[in-house]
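Data first, discussion second: the structure below is written as C-alpha cells.
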Amino acid sequence: QVQLVESGGGLVQTGGSLRLSCAASGHIISSRAMDWFRQAPGKEREFVATISASGIRTYYADSVKGRFTISRDNAKNTVYLQMNSLKPEDTAVYYCARGKVPVATTDVYGMDYWGKGTLVTVSS
C-alpha cells in the first residue's frame, strides 16, 4: 500500500525557516515526479513545488520562488521542502503528492497519491 507521510511542520516566526520531509513507503518514488501543495483555511489547494523523478527539473509557484527549495533523496525514498524567509501568508497545511509520471508537473490532477499533510503556522 502506497503511503506518504509528511513531517516537520510547526509554528515559526516571520522570517524563520522550516524543513518539511515526505517519507514514502509501499512504493519506490525514483520513477515519479514528487510535488508539494498547500491549503490555507478557506482556500483551495495550491501548487507549491515540483521535482522530476531524476531530480534535475524543479518548478515553483511564484509566491515561493527564491525562498523554498524542493529536493529528493531517492535512496531514502524521501522528498524535502526547505522553506526560508517564511511569511504569515505561508500558513497552511502542506501536502506531499506523488506524480503519475516522471515529468515534473504543477497540476493537482497529475498526482495519484497524497499524504495527510503537516501544518505550518507562521506568526507575524
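In this text the structure is predicted, and so the values were computed from the model without any measurement.
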> Going by distance alone, is a donor N or O of one side chain under 3.5 Å from an acceptor N or O of the other, for Arg32 and His27?
Replying inline: no

> What distance separates Tyr80 OH from Cys96 SG, expressed to the nearest 0.5 Å?
Replying inline: 11.5 Å

>> I'd like to check Arg67 versus Met83 (side-chain heavy atoms, cut-off strictly below 4.5 Å). Are they in contact?
In response: no

> Is any NZ, NE, NH1 or NH2 atom of the basic residue among Asp90 and Lys87 found under 4.0 Å from an Asp or Glu carboxylate oxygen of the other?
Replying inline: no

>> Using the rule that Ile, Leu, Val, Met, Phe, Trp and Tyr join whenever any side-chain heavy atoms are under 4.5 Å apart, tell me whether Val122 and Val93 fall into a single cluster.
In response: no

>> Quick check on the hydrophobic clustering: are Val2 and Trp36 connected, directly or via other members, by side-chain heavy-atom contacts under 4.5 Å?
In response: yes

>> By the definition side chain to side chain contact (heavy atoms under 4.5 Å, CB included), identify the one residue from Asn84, Leu18, Leu81 that meets it with Phe68.
In response: Leu81

> Can you tell me how far the CZ atom of Arg38 sits from the CD atom of Glu89, to the nearest 0.5 Å?
Replying inline: 8.0 Å

> CD1 of Ile70 to CG of Asp35: how many Å apart, nearest 0.5 Å?
Replying inline: 6.0 Å

> Taking the side chain as C-beta and beyond, is there a heavy-atom pair between Glu6 and Leu20 under 4.5 Å?
Replying inline: no

> If every non-hydrogen atom of Ala104 is compared with every non-hydrogen atom of Ile51, which pair is closest and at what distance?
Replying inline: CB-C, 4.1 Å

> How far apart are the closest heavy atoms of Ala24 and Ile29, and which atoms are they?
Replying inline: CB-CG2, 3.4 Å

> Under 4.5 Å between any side-chain heavy atoms of Thr69 and Tyr60, yes or no?
Replying inline: yes

>> For Tyr113, is the OH atom crowded, meaning more than 12 foreign heavy atoms sit under 6.0 Å from it?
In response: no

> For the atom pair CG (Leu11) and CG (Leu119), what is the distance rounded to the nearest 0.5 Å?
Replying inline: 9.0 Å

> What heavy-atom pair brings Pro102 and Ser31 nearest, and what distance separates the two atoms?
Replying inline: CG-O, 3.3 Å

> Hey, what do you get for SG (Cys22) to CZ (Arg72), rounding to the nearest 0.5 Å?
Replying inline: 10.0 Å

> Once you round to the nearest 0.5 Å, how far does OG1 of Thr106 lie from OH of Tyr59?
Replying inline: 10.0 Å

>> Just so I know, are the side chains of Met111 and Leu4 near enough to count as touching, which here means a heavy-atom distance under 4.5 Å?
In response: no

> Applying the 4.5 Å side-chain criterion to the ILVMFWY set and letting contacts propagate, would Tyr94 and Phe47 be lumped into a single cluster?
Replying inline: no

> Would a 4.5 Å heavy-atom cut-off, applied to side chains only, mark Pro88 and Thr14 as touching?
Replying inline: yes

> Under a 4.5 Å cut-off applied to non-hydrogen side-chain atoms, are Ser21 and Lys76 in contact?
Replying inline: no

> Do you know which two heavy atoms are closest between Ala53 and Ser30, and how far apart they sit?
Replying inline: CB-O, 3.3 Å

> For Asn77 and Ser25, which heavy atoms make the closest approach, and how far apart are they?
Replying inline: ND2-N, 4.5 Å

> Would you say the side chain of Thr105 lies within less than 4.5 Å of the side chain of Lys100, judging by non-hydrogen atoms?
Replying inline: no

> Looking at the rings of Phe37 and Trp114, which for Trp means the six-membered one, are their centres under 6.0 Å apart?
Replying inline: yes

>> Just so I know, are the side chains of Met34 and Arg98 near enough to count as touching, which here means a heavy-atom distance under 4.5 Å?
In response: yes

